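In what follows, a single structure is set out as structure tokens and then discussed.
Because the structure is a prediction, the values reported are computed rather than measured.
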Amino acid sequence: QVGPNASADEIQAVAKTWAQQHVGVFSIFVFLNAFIVAAMVEELSKYFGYFMVETPDLMDPDDLQLEDAPTGRNSPTNGSALTPANTSVTHLNKSTSSNVSRGAGVTVAMVAVAVGFACSENLLYVFIYTPPGITNEIATLVARSMFPIHPLCAAIQSVGVVNRDILGDDKAQLGRVIFAAVVLHGAFDFVLMLLALIENSKKTSGTKIEDELKDLDSSDLLPLCISVGMVIIGVFYYTCLSAHQRKRLNELDVQKKGKSGSSNSLV
């Protein structure tokens, strides 16, 4: 029972005790937290963050025109005309890039966004959520750095983005692009959250849940093994998708070269 004048610490303690005694019910909250609050929100953030990254392989030639105009102290002061060296212009024409190269550019850009996201998140966990102490902070940083779930999910997302933007698959819309990444990310978080909840409930004496879970292996290696397994599954899934997609991109490049060769022969 919590009185009307209960402090925040008392309310938190009661909520924690209730969660330990009702693991089944609280698992629903853990599921929603893992798949909706964590996985979906974070994957959407990375997806939209990608559009703030300029990917040269997907930009129009006009956007890739780089003019080395002299400025500041290097600007001519005598009014003389600019030399050719000062007016050099570089064009990176999208039409000269292979589809494989453009696909790789998308993947690199999305993984770069995910690495930045993971770095920011790790800083929060290390310096805010972790108890003070250099040992705790280093342990948290190492533990979170061992499992690159954010870059992996971004790479999986990139397959859908390439299908839509390069291969022209109209069915590869937002939901389909992020679905596999959300499932993998949510399952990764859900398993770890649920194991932590079960482990905490087993520490509560005199409850039925302790008897029900007495045969469960509570070794510290269990979360580690599950985390490694989830990452391996994600890598295998991405490798299969990427290999199939690369084959399709190579076929398009061959067709493109064939059409280009035919045009040149007619000229």
Side-chain angles (χ1 to χ4, degrees), residues 27 30-51 53 55 100 102-126 140-167 169 171-198 217 219-249:
S27 297
V30 172
F31 179 86
L32 295 176
N33 188 35
F35 281 90
I36 305 299
V37 177
M40 182 174 291
V41 172
E42 292 179 2
E43 294 306 319
L44 283 173
S45 298
K46 290 184 291 183
Y47 173 83
F48 289 111
Y50 158 71
F51 291 101
V53 177
T55 309
V100 174
R102 296 169 62 200
V106 173
T107 301
V108 170
M110 297 196 75
V111 171
V113 171
V115 170
F117 184 93
C119 180
S120 301
E121 186 180 54
N122 288 343
L123 290 175
L124 289 176
Y125 274 92
V126 170
T140 301
L141 180 61
V142 171
R144 294 190 58 83
S145 300
M146 288 176 61
F147 307 106
I149 196 69
H150 283 300
L152 179 58
C153 290
I156 293 174
Q157 280 194 43
S158 71
V159 175
V161 174
V162 171
N163 284 338
R164 182 192 62 201
D165 295 346
I166 299 179
L167 296 176
D169 185 1
K171 295 181 180 180
Q173 298 304 317
L174 175 60
R176 184 168 292 188
V177 169
I178 70 172
F179 177 76
V182 170
V183 171
L184 176 63
H185 192 165
F188 181 87
D189 288 347
F190 175 69
V191 170
L192 295 182
M193 291 178 183
L194 187 61
L195 286 176
L197 177 63
I198 292 175
D217 182 14
S219 172
D220 292 337
L221 292 179
L222 183 59
L224 176 63
C225 294
I226 293 178
S227 299
V228 172
M230 298 290 287
V231 171
I232 292 175
I233 292 173
V235 171
F236 178 77
Y237 178 75
Y238 168 73
T239 301
C240 294
L241 288 181
S242 179
H244 178 68
Q245 186 179 76
R246 187 179 182 87
K247 182 179 179 180
R248 295 174 61 191
L249 293 173

Report the residues that fulfil side chain to side chain donor-acceptor pair (under 3.5 Å) with [X], sequence neighbours left out, ordered by chain and then residue number.
X	answer
Thr107	Ser158
Gln173	none
Ser227	none

Taking the side chain as everything from C-beta on, heavy atoms only, tell me whether [X] gets closer than 4.5 Å to [Y].
X	Y	result
Leu174	Leu44	yes
Phe31	Ile36	no
Ile156	Leu184	yes
Met146	Leu224	yes

Enclosure of [X] [atom1] (heavy-atom neighbours >12, cutoff 6.0 Å):
X	atom1	answer
Tyr237	OH	no
Phe35	CZ	yes
Arg144	CZ	yes

Find the distance between CD1 (Ile166) and CZ (Arg102) and round it off to the nearest 0.5 Å.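 CZ of Arg102 is found 5.0 Å from CD1 of Ile166.
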Roughly how far, to the nearest 0.5 Å, is NZ of Lys46 from NE2 of His150?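 The NZ atom of Lys46 is 5.5 Å from NE2 of His150, to the nearest 0.5 Å.
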Could you tell me how the ring of Tyr47 sits relative to the ring of Phe51: parallel (under 30°), tilted (30 to 60°) or perpendicular (over 60°)?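 Because their plane-to-plane angle is over 60°, the rings of Tyr47 and Phe51 count as perpendicular.
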Can you see which heavy atom on [X] is nearest to which on [Y], and at what distance?
X	Y	value
Phe188	Met230	N-CE, 3.4 Å
Ala38	Ala34	CB-O, 3.4 Å
Val111	Pro151	CG2-O, 3.9 Å
Ala172	Asn163	CB-CB, 4.2 Å

Under the salt bridge (Lys or Arg N to Asp or Glu O under 4.0 Å) test, residues paired with Arg248 that sit two or more places apart: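 Expected list: none.
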Out of the candidates Val177, Val106, Leu241, only one should pair with Val159 under the side-chain contact (heavy atoms from CB on, under 4.5 Å) rule; please name it. Leu241
Would you say the side-chain atoms of Gln157 pair up with the backbone N or O of Glu43, donor to acceptor, closer than 3.5 Å?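 It does hold such a pair.
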Tell me whether Ser145 contacts the main-chain N or O of Leu141 through its side chain, where contact means a donor paired with an acceptor under 3.5 Å.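 Side chain of Ser145 to backbone of Leu141, a donor-acceptor pair under 3.5 Å: yes, one is there.
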Enumerate the residue pairs fulfilling side-chain hydrogen bond (donor to acceptor under 3.5 Å, both in side chains) with a member in residues 186-198, sequence neighbours excluded, ordered by first and then second residue.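 Those involving residues 186-198 are His185-Asp189.
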Solution key, residues 112-119 side-chain donor-acceptor pairs under 3.5 Å, sequence neighbours excluded:
none

